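Notes for the one structure printed next.
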Amino acid sequence: MQRKKPLVQDYAAYTTEDFHVWRLLFERQMELLKDYASPLYLSCIEKVNFNATEIPHFGKTNALLKELTGWQLSVVPELVPQKEFFELLAQKIFPATCWLRTMAELDYIEEPDMFHDVFGHVPLLANEAYANFMEGFGKLALQWIDVPEAISLLGRIYWFTIEFGLLGNGADINIYGAGILSSIEECRSAVGVHSKKYDFDIDTLLSTTYRTDVLQDKYFVIASFEQLYESLAEIDKIVRGYIDVDIIQKYAAPVAK
Ligand SMILES: [Fe+2]
């Protein structure tokens with residue numbers, strides 16, 4: 001499908017359909033998420049002032065995030081190359097699209113649009129420990145950017161945390177992954193009894209594969225965003241264990257936090 005993918009957010013260019021799509025998706029997701037999302041995510045939705053009637057305005061969101069954690073959004077037309085993505089995270093910049101899916105695509109869209117990027121990813125950038133993890137993860141990934149095996153392993157970390165992570169303890173488990181928060185079907189799967197929930201164990205996670213083209217059925221549950229942030233050094237250590245010594249000698253660099 002041919003669509004416009006702007007390089008800057010021209011707020012006046014949003015159509016009535018765009019506002020309608022945002023409202024429908026926002027209201028539908030929040031109806032589910034009020035029961036199933038992490039309370040931390042729900043409080044961050046308020047901190048960044050997202051609501052059903054207003055498509056998020058990047059300038060306003062950036063002003064709020066700047067005060068809260070120093071993070072900023074930058075507009076990208078679509079997925080950015082890995083190296084650029086990690087460089088941005090390391091500088092506390094989250095790349096996000098500013099275009100929305102159409103009504104015909106309400107339930108499924110192949111590439112990430114603004115509802116995924118902004119509704120899913122942005123609110124928790126207002127949470128300090130989560131934001132610190134994102135920054136640290138970007139820096140860690142940059143250390144390994146020339147080692148595809150390591151980047152592939154780090155991709156699993158990102159997938160099972162930032163995209164499809166759950167948070168909680170015992171029976172009290174909630175959603176924080178953007179891929180779940182922004183999809184009604186992923187929400188249902190994540191909270192359903194048939195999906196498997198594992199404790200956040202980095203060794204187990206790094207040996208767990210995933211598919212991007214099906215609903216997820218395996219999740220890793222962190223106890224807190226502080227735990228996630230504190231795990232960065234261990235992630236680096238375990239990734240080193242997977243990589244050939246020769247490659248490590250060529251590329252090994254200390255972890256920058
Ligand atoms: Fe995403």
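Owing to the predicted nature of the structure, the values given are computational and were not obtained by experimental measurement. Each residue takes its place number in the sequence, starting with 1. Counting starts at 1 for both ligands and their atoms, in listed order.
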Counting C-beta onward and ignoring hydrogens, is there a side-chain heavy-atom pair between Ile162 and Tyr130 closer than 4.5 Å?
yes
Any Val221 side-chain heavy atom under 4.5 Å of Leu166 side chain:
yes
Just give me the atom name: the N, O or S atom of Glu163 closest to the Fe ion (ligand 1).
OE2
Nearest to the Fe ion (ligand 1), which N, O or S atom of His116 do we find?
NE2
Walk me through whether Arg188 and Glu185 qualify under salt bridge (charged side-chain N to carboxylate O under 4.0 Å, His left out).
CA-CA 5 Å; Arg188 289 182 179 136; Glu185 289 303 324; 3.3 Å; yes
Using distance only, find each side-chain donor-acceptor pair of residues 152-161 under 3.5 Å and give its atom names and separation, not counting sequence neighbours.
residue, atom, partner, partner atom, Å
Arg156, NH1, Leu206, O, 2.7
Trp159, NE1, Gln216, OE1, 3.2
Thr161, OG1, Ile157, O, 2.6

Is Asp117 close enough to the Fe ion (ligand 1) to have an N, O or S atom under 2.8 Å?
no
